[in-house]
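What follows is one structure encoded as structure tokens, with my remarks underneath.
Positions are given from 1 along the sequence.
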Amino acid sequence: MSGQQPGGWQWNQGDLPQEPQPLTPEQQNPQPQYGVYDPTLAPPASNMPPPPEYPTGQWSPQDAQGGQFAGFSGPSSPYSAQSIQPGIIPLHPLTIGEILNGAFAALRAHPGLLFGVSLIVWSIIAALQAAITYIFFPDSLKSFDPETMSSGATEDLMTMTQNNLMSSAVSGVIIGVATLILTGLFMNVVAALVIGKKLSGQSAWEKTKPQLWRIIVWPILTGVLSVLAVTVLGGLMVLVGAGISTGSSDALGSQLALLTVLLIGLPVIGIATVFFAVRLAFVVPVIVLENQGIFASVKRSWTMTKGFFFRLLGIGILVQLLLAALMMAWGFLIGIVGMAVLLATSATGLFMAISTFLNTLIVGLFTPFHVAALGITYIDIRMRREGLGNVLLRASQEN
């Protein structure tokens with residue numbers, strides 16, 4: 001029986017090592033017989049790899065589960081992919097350090113595509129953001145010269161804020177779409193690097209293009225559902241607050257009611273947001289690498305993350321903290337450059353435009369690392385749940 005692995009990986013059940021059968025009493029204690037060949041006493045084949053040693057507290061053969069996916073159910077090898085690393089990560093359940101090392105290794109292995117495409121796309125987006133910032137920056141605020149700053153500067157500042165909000169909505173859509181497209185593109189690149197293969201830009205695009213509409217529709221769908229959920233919850237909070245305040249006619253009672261509702265409602269919204277973000281973290285990887293539909297991907301992600309919530313939450317927090325630290329370091333350098341421009345020219349508008357350009361560009365250049373970490377985490381969970389390492393090993397040996 002054969003199975004088709006979504007994302008292009010194929011395997012046959014016969015190619016996977018089978019579970020050993022229990023020995024009979026005669027086989028456990030064989031009686032020597034002169035001149036009779038006993039296969040149970042034959043030495044093991046020289047090309048059979050010895051079972052690896054498993055560190056204390058790490059994954060062991062007893063943790064291996066039968067691979068069940070895409071109509072295939074069969075035993076997965078407990079050690080055939082152990083200690084083998086054809087690409088950027090070893091093919092066994094990963095530690096958090098190996099996940100982060102793999103993400104950095106992906107950037108080193110294919111910088112031309114991961115950083116090159118990001119640099120081109122995000123340079124265009126950053127230039128657009130900077131132009132919008134400069135165009136809508138009021139003339140009365142473009143200089144620190146008190147003689148040019150009229151009494152209407154405050155009004156101009158309000159106008160600028162309104163214009164920036166409108167322009168940010170448009171540019172936000174552009175940034176969102178570009179980020180989603182790059183996420184799908186880079187996810188295919190990282191998956192290939194895991195098995196030691198490099199995709200060209202054209203190949204990565206051909207693999208991503210059929211799933212683009214699903215990649216774009218998914219965040220729109222979640223955004224609409226989130227707005228509806230917040231609206232319903234907000235309405236309930238208002239009703240609860242109104243019910244609490246009916247017992248008191250003074251302003252203090254109404255304020256206490258509102259405070260009570262906020263103290264209950266805001267944590268509920270925050271916890272729900274984090275919970276669903278973790279449980280649905282693999283929707284895009286499943287769409288891209290397994291060619292699944294949106295609702296099938298939601299179900300698949302929900303199943304995959306079951307039992308790994310706190311592990312995935314910890315990895316996500318660690319990645320975000322690492323990115324925040326890197327961006328803060330770059331932000332400090334950007335601030336120095338911006339202040340040098342401001343002090344040299346006294347051009348506030350130019351200062352704001354340059355700062356916007358550099359900050360937007362830096363955020364975009366960290367996108368490949370975030371996608372690589374997400375893709376490797378997805379593969380790690382599949383190796384833990386489904387023994388995917390054996391499939392990846394076979395794929396790495398194919399031309």
Side-chain angles (χ1 to χ4, degrees), residues 6-7 59 63 65 68-69 89 93-104 106 176 179-180 182-184 186-187 190-191 194 211 214-233 264-290 292-327 363 366-388:
W59 183 84
D63 297 324
Q65 303 295 327
Q68 297 180 3
F69 190 56
I89 58 173
L94 306 173
T95 64
I96 295 178
E98 288 173 329
I99 291 174
L100 297 179
N101 288 338
F104 283 113
T179 302
L180 291 169
L182 291 178
T183 298
F186 295 160
M187 196 68 67
V190 171
V194 167
Q211 306 299 331
R214 293 189 179 97
I215 298 173
I216 295 174
V217 168
W218 164 241
I220 296 176
L221 180 62
T222 55
V224 171
L225 293 177
S226 299
V227 170
L228 290 176
V230 171
T231 302
V232 171
L233 185 58
I264 297 175
L266 292 181
V268 169
I269 294 175
I271 293 173
T273 300
V274 172
F275 176 77
F276 284 103
V278 172
R279 295 303 301 271
L280 301 178
F282 294 150
V283 171
V284 172
V286 171
I287 289 175
V288 174
L289 299 179
E290 301 183 19
Q292 297 280 354
I294 292 177
F295 295 106
S297 298
V298 169
K299 182 179 179 181
R300 174 85 166 127
S301 178
W302 195 270
T303 302
M304 287 181 61
T305 55
K306 183 178 181 181
F308 293 96
F309 177 84
F310 290 104
R311 174 180 174 82
L312 295 174
L313 177 62
I315 293 173
I317 292 175
L318 185 59
V319 169
Q320 293 301 324
L321 289 176
L322 180 59
L323 290 176
L326 293 173
M327 285 189 283
V363 170
F366 284 119
T367 300
F369 177 81
H370 183 269
V371 175
L374 176 61
I376 293 173
T377 304
Y378 157 84
I379 292 174
D380 169 57
I381 295 299
R382 288 198 60 185
M383 288 194 292
R384 291 174 179 274
R385 297 184 66 97
E386 304 165 3
L388 183 67

Compile the donor-acceptor pairs under 3.5 Å between side chains in residues 267-278 and protein atoms, sequence neighbours left out, one pair per line.
| residue | atom | partner | partner atom | Å |
| --- | --- | --- | --- | --- |
| Thr273 | OG1 | Ile269 | O | 2.7 |

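From Ile379, atom CD1 reaches atom CG of Leu374 across 10.0 Å, with rounding to the nearest 0.5 Å.
Of all heavy-atom pairs spanning Leu280 and Val298, the tightest one is CD2-CG1, 3.8 Å. Val286 and Met304 make their closest contact through CG2-SD, 4.3 Å (heavy atoms, listed as atom of the first residue, atom of the second, distance). Nearest heavy atom pair, residue Pro285 against residue Met187, reads CG-CE, 3.8 Å. Taking each heavy atom of Leu180 and Pro219 in turn, the nearest pair found is CD1-CG, 3.2 Å. Between Gly102 and Ile376 the shortest heavy-atom distance is C-CD1, 3.3 Å.
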Chi angles and distances behind the side chain to side chain contact (heavy atoms under 4.5 Å, CB included) call for Arg382, Glu290: CA-CA 12 Å; Arg382 288 198 60 185; Glu290 301 183 19; 3.3 Å; yes

Chi angles and distances behind the side chain to side chain contact (heavy atoms under 4.5 Å, CB included) call for Val363, Met327: CA-CA 7 Å; Val363 170; Met327 285 189 283; 3.9 Å; yes

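With sequence neighbours left out, Leu225 forms a side-chain contact (heavy atoms from CB on, under 4.5 Å) with Leu221. Applying the ring pair (Phe, Tyr, Trp, His ring centres under 6.0 Å) test to Phe282 and every residue at least two apart in sequence or in another chain returns Tyr378. For Phe104, the ring pair (Phe, Tyr, Trp, His ring centres under 6.0 Å) partners at least two apart in sequence or on another chain are Phe369. Every side-chain contact (heavy atoms from CB on, under 4.5 Å) that Thr179 has, sequence neighbours left out, goes to Trp122, Ile175, Thr183. Legend: residues meeting side chain to side chain donor-acceptor pair (under 3.5 Å) with Thr305, ordered by chain and number and at least two apart, are Arg279.
Taking the side chain as every heavy atom from C-beta outward, Leu100 and Leu318 approach each other to under 4.5 Å. Residues Val288 and Ile215 have side chains in contact (heavy-atom distance under 4.5 Å, counting atoms from C-beta outward). Here the side chains of Ile381 and Leu312 are in contact, with some heavy-atom distance below 4.5 Å. Side-chain contact between Gln292 and Arg300: absent, with no pair of heavy atoms (C-beta onward) separated by less than 4.5 Å.
Distance alone, capped at 3.5 Å, places no donor-acceptor pair between the Ser301 side chain and the Ser297 backbone. With hydrogens and angles ignored, the 3.5 Å screen pairs a side-chain donor or acceptor of Arg384 with a backbone N or O of Leu94.
Residue pairs meeting the salt bridge (Lys or Arg N to Asp or Glu O under 4.0 Å) criterion with at least one member in residues 303-313, sequence neighbours excluded, are Arg311-Asp380. Evaluation of the side chain to side chain donor-acceptor pair (under 3.5 Å) test over residues 367-377, restricted to residues two or more places apart or in two chains, returns Gln320-His370.
Residue Val319 forms a side chain to side chain contact (heavy atoms under 4.5 Å, CB included) with just one option from Leu321, Ile317, Ile315, and that option is Ile315.
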